[in-house]
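Report on the structure given below.
Scope of the values below: all heavy atoms of this structure, side chains included, with no hydrogens, waters or symmetry mates.
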Amino acid sequence: KENVESRLVIKTRRKPYWQVKSGPFTQADFRALPKTHWTLLVQDTDKHVPVLAALLDHFRFIPNWRIDDLMISYAADGGSVGPHMDAYDVFLLQAQGTRRWEISTRPHREADIPGLELRQVRAFTAQQDWLLQPGDMLYLPPGVAHHGVAVGACMTFSIGFRAPTDAEMLADLSGLLLERAGREARYSDPDLVPADADPGRIPLPARRAIRQRLRSTLQLDDVALDEWFGRFITEPKPWIDPQPLRRPLTAAALNRKLKTAGSLERDAAAILAWFPAGRNGIKLFVNGCCHPLPARLAPLARLLCRQRRYPRKRLAQHLRYAQAPRLLVDLYNRGVLYFP
C-alpha cells in the first residue's frame, strides 16, 4: 500500500555493499531477492494491523505521547541493516527465529558513505553480544551502537519512542511565531535621520529597534508553549492520519448508533494526550488539535487516552455533560473514533 512505509535492505558484494529499496513492493520484487542477506522493514505496523496495537499496551509505563510505533523486520539468514545507532529508546523483541545482537557503548561517529541511504557507524567493534530467541527482548538506550544479524530466517519487533530534535521543535514552533507576529506587522523608522556620508552603516537605533521587535515576537508564555507542544507531539504522520467522514453524523445520530453498537473504538493511528489547564479546565489533544474542556471531563480524557475500546456503559456517565457528546461526534467525524 502507498501509505505503508517499508524498505528492503540487501547486502551486496559491491561498494557500498548495501542496497536500499523503498516500498511499496510487488511479488516480483520478492521473487527477485537472493536467498540470504536481506531484510524487510515495515514501520507503523500497529496502525495498519490493529491487533498488533495490543502489544504496545505492555509498554504503557511510558506515556502514550512518547511511543512512536511498532516496526517489524523480517530477515533471511544473514539479513542485517549494518551497525548503527538510534537517537531514541528502543525495545527489540524477538518474535520468530534467532538474531544475534552486538552492542558497543563507545562513542561512534556515523559513516558518510556516498550513494548509501542507510545510517551506519564507523569502525564498529562489539563489546557485548546476545543470541535472542523468541520471547527475548533487548533494551537499547539512545546512542548505543548495535548490530543485529539474522541466524536463519527471523522476525523482530522494534518498539520505538518519539524523541523530537530541538531543530524539529523549533521548525514547528516557527509556525506559531509567524501566526502571532501577523502578516501586516512591519519594521518602520519614522525617526530616521539622513545617512550623510556613511549610507552603508546600520546605526545603533535601528539595531535596537530590530532587537526589540523580534524579542517581543519570540516571547511566548507558558500557556502558549504548553498548547503548542500538545499539538506538536500528537501530530500523526500525514500518510497514516485518519481521514474524516464524507457524511458526518450529528451528536444525536451518534448516540443512537452507540446504543446499537454498544461501544466505540479508537483508530490505531490516533495520538491522544491531555493536561490540566488552570483551576477549572483541561486541554485534550487529539492528532494535533486542541480541545479545551471543563475539569469535570478529565475522567473522560483519561479514558480516551488510556484505552482503545470504549463501552457505552463507560461513556454514559460522561454523556450527561453537553461538551462530551460534542467531543465524541467531532472525533468520530474526523475518523479518530469508529464503531467496531
Closest approach of [X] to [Y] (non-hydrogen atoms, all atoms of both residues):
{"X": "A75", "Y": "T39", "result": "CB-OG1, 3.6 Å"}
{"X": "K257", "Y": "Y332", "result": "NZ-OH, 3.5 Å"}
{"X": "Y310", "Y": "L337", "result": "CE1-CD2, 3.7 Å"}
{"X": "A181", "Y": "T217", "result": "CB-CG2, 3.8 Å"}
{"X": "S80", "Y": "V9", "result": "O-CG1, 3.7 Å"}
{"X": "N64", "Y": "L272", "result": "CB-O, 4.1 Å"}

Checklist entry - Are L55 and M155 co-members of a hydrophobic cluster defined by side-chain heavy atoms under 4.5 Å apart? => result yes
Where the side chain of [X] meets the backbone of [Y], is there a donor-acceptor pair that is under 3.5 Å apart?
{"X": "H84", "Y": "G82", "result": "yes"}
{"X": "N280", "Y": "A295", "result": "no"}
{"X": "D172", "Y": "M169", "result": "no"}
{"X": "D189", "Y": "L192", "result": "no"}
{"X": "H48", "Y": "D46", "result": "no"}
{"X": "T45", "Y": "L70", "result": "yes"}
{"X": "E227", "Y": "A224", "result": "no"}
{"X": "S188", "Y": "P190", "result": "no"}
{"X": "D68", "Y": "R162", "result": "no"}
{"X": "R326", "Y": "A251", "result": "no"}

Next on the checklist: Determine whether the aromatic ring centres of residues F229 and F285 are separated by less than 6.0 angstrom.
Outcome noted: no
Checklist entry - Under 6.0 Å between ring centres, would you say that holds for F91 and F157? => result no
Is there side-chain contact between [X] and [Y], with heavy atoms separated by less than 4.5 Å?
{"X": "V81", "Y": "L41", "answer": "yes"}
{"X": "V286", "Y": "H291", "answer": "yes"}
{"X": "I67", "Y": "R60", "answer": "yes"}

[X] and [Y] ion-paired at < 4.0 Å:
{"X": "D241", "Y": "K237", "answer": "no"}
{"X": "R306", "Y": "D57", "answer": "no"}
{"X": "E235", "Y": "R231", "answer": "no"}
{"X": "K21", "Y": "D29", "answer": "no"}

Checklist entry - So D86 and H146, side chain to side chain donor-acceptor pair (under 3.5 Å) or not? Walk me through it. => result CA-CA 9 Å; D86 293 315; H146 51 285; 3.3 Å; yes
Rounded distance [0.5 Å steps], [atom1] in [X] versus [atom2] in [Y]:
{"X": "Q219", "Y": "L177", "atom1": "CD", "atom2": "CG", "value": "11.5 Å"}
{"X": "L315", "Y": "N255", "atom1": "CG", "atom2": "CG", "value": "10.0 Å"}
{"X": "C305", "Y": "L284", "atom1": "SG", "atom2": "CG", "value": "5.5 Å"}
{"X": "L293", "Y": "L327", "atom1": "CG", "atom2": "CG", "value": "5.5 Å"}
{"X": "I72", "Y": "Y74", "atom1": "CD1", "atom2": "OH", "value": "13.0 Å"}
{"X": "R109", "Y": "M85", "atom1": "CZ", "atom2": "CE", "value": "10.5 Å"}

[X] and [Y]: side-chain donor and acceptor closer than 3.5 Å?
{"X": "Q43", "Y": "S6", "result": "no"}
{"X": "D89", "Y": "Y139", "result": "yes"}
{"X": "R99", "Y": "T156", "result": "yes"}
{"X": "H147", "Y": "D129", "result": "no"}
{"X": "Q94", "Y": "D136", "result": "no"}

Checklist entry - Parallel under 30°, tilted from 30 to 60°, perpendicular over 60°: which one fits the rings of F232 and W228? => result parallel
Next on the checklist: Show me the pairs that pass salt bridge (charged side-chain N to carboxylate O under 4.0 Å, His left out) and involve residues 263-279, at least two apart or across chains.
Outcome noted: E265-R309
